[in-house]
Amino acid sequence: MDGFLVKGFSGKRILEGVLPVMGAKNFALKAQAASLLFGGHVLLENMPLIDDVCKMNQMLEDLGVKIERVKKRNFELNIPAVIKTDLDKNTAKSLRSSIVLVGPILAREGKVSFPHPGGCVIGQRPIDVFLEAFKKMGARVRLNKDLYTLEADKLKGAEIFFRMPSVTATETLMMSAVLAKGKTVLYNCACEPEIMFLAEFLNSAGARINGAGTHTIVVQGGGLLKGDSICRVPPDRIEAGSFAIIAALCAKKLKITNCVPAHMRAVLQALQNVGVKINFGKNYLLIKESPGLKPSDIKTREYPGFPTDLQALFSVLLTQASGRSFVFETVFEGRLNYLFDLERMGADVVVCDPHRAIINGPTKLRGRKMESPDLRAGLAFIIAGMVAEGESFVDNANNIDRGYENIEGRLNAVGAEIKRITNNE
Ligand code: EPU
């Protein structure tokens, strides 16, 4: 497995230049799954070249989809008339988004079998919300050993109340409803911008979805969507936020381009609350050297609140603020464990319970060897390594490669010194 050797700059702010943001991981994966709702070809443009996208392509190919890379970031997917109904067990187990394939396969073929989806280890990540909703739409659910099988001759429209606003459950059921018979109303939906983009993509090919981006989504079911459709993946707001935090800690002056600040209001406000100097336009952020960071409290929430995916990175920033900050992770119960490693680097952290922590700053961090526990905490360790004195080694680079394309090359282009060490070096 690869790891990253990260040079620490002892708190000096040295990054400078322009950092463009890639296409959104958490939209790209759903657009790949959505291709199963189409007859014929679908062209996906501006895809991020990350491991999760490769795995999703692998699963689609295994189901019978032909995929051709027509340009560096564009993939053409050719959907056969009949697709297989078993998800590849090993790949599905390693990717949370594998659950998103379940809806379109069930709706299209009347059957699907799959293992419990895996992905980043950040909490229990159950799928009860999905299963309850599929049952409401008429599916029979069986669990045999570790394999779920869902069957329904034809999914029926239904009224579904999600007991919590889950992003992937909202997307999966919205997609399933596109091919169901009759009208589906989804209540207590998640409102992430990626859900709205997904509905726009499907509607552009003939789906009838209303209300995506709000808590109530209404879908009129129908037949397969028209092929030869094109979908351009929008910028990744979590990557843009990650870069903004890196800039706040390590940059003299950094421009982050290809992003949509209008989708990042909670993050921009949180950065401004700690004293980060930000200018922004319609599609860029400009972050200037911001010494004298102030403490602040963050509480993660569903969109439009502060995203759980930036909690670990923001906590690294808080280790450098003067005073006491409070971090409240409300979405996942396993997303504060990385703090013990920050503590070993010299951070003054009190983990109160699985959801809450106190960070006292500023503290000098010392480079050390760490293992990336998940995608976002992995990047948080790289940033902590850049702020620290001395070198750090962040093992399990594959966790970071899942969601950030060529992270070392892109950060090195603006002045970082990160070296990928492959297993056999
Ligand atoms: N939940 C249940 N039962 C369910 C589904 C969800 O209890 O059946 C709970 C979860 O355990 C969690 C809460 O609901 O406590 C919200 O989780 P959600 O389902 O919204 O998360 P997700 O859809 O699995 C997506 C992103 C995550 C991101 C979360 C929250 C994808 C592929 N993943 O996950 O992204 O953290 O929404 O915004 O879209 C990441 O990119 O690093 C990442 C983990």
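Position 1 is the first residue of the sequence, and the numbers go up from there. For the numbers below, each heavy atom of this structure counts, side chains included, while hydrogens, waters and symmetry mates do not. Every number for a ligand or one of its atoms is a count from 1 in the order of the listing. Everything quoted here is computed from the prediction, not taken from an experiment.
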(message) Can you tell me if Ala169 contacts ligand 1 (heavy atom of the residue under 4.0 Å from the ligand)?
(response)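 Heavy atoms of Ala169 never come under 4.0 Å of ligand 1.
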
(message) Can you confirm whether Ile358 sits close enough to Val349 that some side-chain heavy atom of one is under 4.5 Å from a side-chain heavy atom of the other?
(response)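 A side-chain contact is absent here, since even the closest heavy-atom pair is not under 4.5 Å.
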
(request) Just let me know how Glu329 lines up against ligand 1, side chain, backbone, both or neither, with a heavy-atom cut-off below 4.0 Å. (result)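 It is neither; nothing of Glu329 touches ligand 1.
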
(request) Would you confirm whether His355, through its side chain, and Phe328, through its main-chain N or O, come within 3.5 Å as a donor-acceptor pair? (result)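 Side chain of His355 to backbone of Phe328: no pair is present.
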
(request) Kindly say whether Leu179 contributes a backbone atom to a donor-acceptor pair with the side chain of Lys154 at under 3.5 angstrom? (result)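 It does hold such a pair.
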
Under 4.0 Å from a heavy atom of [X]: give me the atoms of ligand 1 that qualify, with their elements.
X      : result
Lys25  : 40 (C), 41 (O)
Ser97  : 32 (C)
Ile127 : 8 (O)
Leu375 : 42 (O)

(message) So, applying side chain to side chain contact (heavy atoms under 4.5 Å, CB included) with Arg108, which one of Leu155, Leu224, Thr85, Val178 is it?
(response)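 The single option meeting the side chain to side chain contact (heavy atoms under 4.5 Å, CB included) with Arg108 is Leu224.
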
Less than 3.5 Å between some nitrogen or oxygen of [X] and one of ligand 1, yes or no?
X      : answer
Asp128 : yes
Val129 : yes
Val331 : yes
Arg163 : yes
Val167 : yes
Thr168 : yes
Thr308 : no

(request) Determine which pairs satisfy side-chain hydrogen bond (donor to acceptor under 3.5 Å, both in side chains) with at least one residue from residues 225-243, sequence neighbours left out, and list them in order. (result)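 Those involving residues 225-243 are Glu194-Arg237, Glu239-Arg410, Ser242-Tyr404.
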
(message) Taking Asp146 first and then Lys89, would you say they form a salt bridge - that is, a charged N and a carboxylate O separated by under 4.0 Å?
(response)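 Here Asp146 pairs with Lys89 in a salt bridge, since their nearest N and O are under 4.0 Å apart.
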
(request) May I ask you to decide whether Arg335 forms a salt bridge with Glu329, counting only side-chain N to carboxylate O separations under 4.0 Å? (result)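 So Arg335 does not pair with Glu329 through a salt bridge.
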
(message) Check whether Tyr284 forms a cation-pi arrangement with Lys255 (NZ or CZ under 6.0 Å from the six-membered ring centre, at most 45° off the ring normal).
(response)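 Checked: cation-pi criterion met.
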
(request) Indicate whether the side chain of Tyr338 and that of Ser315 have a donor and an acceptor atom separated by less than 3.5 Å. (result)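 The answer is yes; a qualifying pair exists.
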
(request) Just go through Glu132, Arg96, Glu194, Lys30 and tell me whose heavy atom is the nearest to atom 39 (O) of ligand 1. (result)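 Among Glu132, Arg96, Glu194, Lys30, the closest heavy atom to atom 39 (O) of ligand 1 belongs to Lys30.
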
(message) Regarding atom 5 (C) of ligand 1: of the candidates Pro307, Pro126, Ala33, Pro117, which has the closest heavy atom?
(response)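 Considering heavy atoms of Pro307, Pro126, Ala33, Pro117, the nearest to atom 5 (C) of ligand 1 sits in Pro126.
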
(message) Restricting to salt bridge (Lys or Arg N to Asp or Glu O under 4.0 Å), what partner residues turn up for Glu61, sequence neighbours left out?
(response)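 Once residues adjacent in sequence are excluded, Glu61 has no partner under the salt bridge (Lys or Arg N to Asp or Glu O under 4.0 Å) criterion.
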
